[in-house]
Trainee: 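First, the structure itself, so that you have it in front of you.
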Amino acid sequence: MIDVVVADQVAIVTFAELSRLSRYDVSFANEARDVLFDVIDDDEAKVVVLRSADPDFCAPLADPAGALGPALAGLRAVPAWAETFAGPRSLNQMITFAKKVIITEVQGACAGAGVGLVLASDLTAAGSDATFHPPFADHPEANYVLAALSMRTHRARAWALGHTLSAREAEGAGLVNTVVDPTELGECVREMARQAAMMPLDGITLTKMMRQAVLDNQGVGQEFDAAPLLALSHPASHDQTGVGSEVQ
Amino acid sequence: MRQYGTDESIAAAPQQVLFDMDETSGIATITLNRPDKHNALSVPMRARLTQLMSDVEHDERIRVVIIRGNGPSFCSGNEINERWGQRRPHERRHTNTIGYRYSNEMAWGRPAFSQALGRSSKVTIAQVHGFCAAAAYFMIVTKVDLVVASEDASIGALEARFLGPAGAVANIHINRTIGMKAARRTGYTAVPMSAGEAAGLGLISRVVPRDELESTTWAVAGELAERDPATLLFLKSRLRMSDSLLDIPVPAITGMLISHFLQSAPDELDFWSVARDEGVGGALRADKARKGAIDPRKPRGSGEAPSPPLGGDIDD
């Protein structure tokens, strides 16, 4: 379900059904994390491309709010949920703080947890058919500080409040670096990766180390750390058996 | 995920980092079990510790985690004679294979050891005796919630003597816990703190005689474990949020960058040559012979060496 090809210092990681992350599929999240951990640590890869095998990068769920409730399933499930989907070992944090350049290649719909991957990655290229759904209503692990840093702030806010962005709007908002015809997307990303792979590795990696310090100073880490509390306050967690009575 | 270490060190790790849980009390214990090396942490040991802390997050029965050590000391820090560990100054270039992997794990990488204890949703307590040096100081005891120590504890940045002070001085946890002046003192002189001094600085919650250490730690843990689990969970989440606002969990990037560029002078390289063959203790013995060299194993104000020598890398 996750394919990795490393060639010419570029690792291409292809996921099938990324929407499983939106459904809080623990097994898939752990598999993706393990694969990415090894890829980022691979001395043969200087750049990592994340893409989907499906027509949509990360298809929207029919009932996105319905996924979070079972995942939280009572107050005590929050630590396990946070550890897998929001904590330091989660995919979002692993990508955000990776020492290699990470590129996301987006076609079709990018919704739910898929948006988190776009926010966390360094560079994004999108097909002109792509749409970017706002993630914050149903994903407490989505990082608004990252959105505010990646995008033009007013446009980030409008998006966060519910507006789905077209590819061109996403480019105008700063969420996406470049928009091309869908038939040219793969080649565009490969060229982007090839350019990044020609950069001096030490310089890239040290720069990313310093960038992590900047991200932390800007509050990105704090936002990730807030996810458990955000999950506890999310409406989806309030109707679970025992939650209301336990928090006295 | 790929495992780093020799076949031997990977195979040994489960016996060198033990895990136990008392279901009645909700207290789990992680015991470092490499007494011949004063519980120096190899890469596989750190990986196991990280995994155990991750497993603990998924176990609702556990409310408190005690981390302790077998043998003469709590922990002497990271193993230095290890290919995937700290870059040794005789290694010409910091490459991804060696330096970045170590730094990723220790100071920079979010998935790694440096984050495992400080970000736990469980109450964490360190039970400290003997040496608590280097990474045990700046990665463990400053990141747990509470520290209970015996009177013979010696806590400090021993590694500063041969790696520089970054781990102690450029560490937000240490600065916020004991104050900037004291943090710099530990890093710029490498002289460790006695248990009394550390308690006075706020690093240690309770200091007791050695024969009362375990019972006292369990009493402290038991008191916390009896609290309402939902309330405890909320409070830990609340504290973690506050720590974030204070930047306390931020990995020590500055320290790592400094370490990356560290270039040792010729006489400092001698330390590494000796350490490779005779361990840190042997290298410190040779270091003592240098005029003016301070023994970083003797804490200030203790008057005596922290514990009777039993062998292992950092003993006299």
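In what follows, chains carry the letters A, B, and so on, assigned in the order in which the sequence lines appear, proteins first and then strands, with residues in each chain numbered from 1. The analysis underlying the following values was restricted to heavy atoms, covering all of them including side chains, and did not include hydrogens, waters or symmetry mates.
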Trainee: Taking all heavy atoms of B:T50 and all of A:R89, pick out the closest pair and write down the distance.
Mentor: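 So the two residues come closest at CG2-NH1, 3.7 Å.
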
Trainee: Taking C-beta and beyond as the side chain, do A:L229 and B:R240 meet within less than 4.5 Å on heavy atoms?
Mentor: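 No, side chains not in contact.
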
Trainee: Take a 6.0 Å sphere around CD of B:Q3 and say whether it holds more than 12 heavy atoms from other residues, nucleotides or ligands.
Mentor: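 No, because the 6.0 Å sphere around CD of B:Q3 holds 12 heavy atoms or fewer from other groups.
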
Trainee: Restricting to side chain to side chain contact (heavy atoms under 4.5 Å, CB included), what partner residues turn up for A:P135, sequence neighbours left out?
Mentor: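 Partners of A:P135 by the side chain to side chain contact (heavy atoms under 4.5 Å, CB included) criterion, ordered by chain and then number, come out as A:V115, A:A142, A:W159.
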
Trainee: Does any non-hydrogen side-chain atom of A:E83 lie less than 4.5 Å from one of B:R119?
Mentor: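 Heavy-atom side-chain distance check fails, nothing below 4.5 Å.
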
Trainee: For chain A, which of B:S120, B:S237, B:S121, B:S54 has the most heavy-atom pairs under 4.5 Å?
Mentor: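 The answer is B:S54.
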
Trainee: Contact part of B:E57 toward chain A, heavy-atom cut-off under 4.5 Å: side chain, backbone, both or neither?
Mentor: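 Contact with chain A: backbone and side chain both.
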
Trainee: For the CD atom on A:E44, are there more than 12 heavy atoms of other groups (residues, nucleotides or ligands in this structure) within a distance under 6.0 Å?
Mentor: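 It does not: A:E44 CD has 12 such atoms or fewer within range.
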
Trainee: Do other residues, nucleotides or ligands put more than 12 heavy atoms under 6.0 Å from A:D34 CG?
Mentor: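 Count over threshold, so yes.
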
Trainee: Looking only at heavy atoms, which two atoms of B:H58 and A:T84 are closest? And how far apart?
Mentor: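 For B:H58 versus A:T84, the nearest heavy atoms are CE1-OG1, 3.5 Å.
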
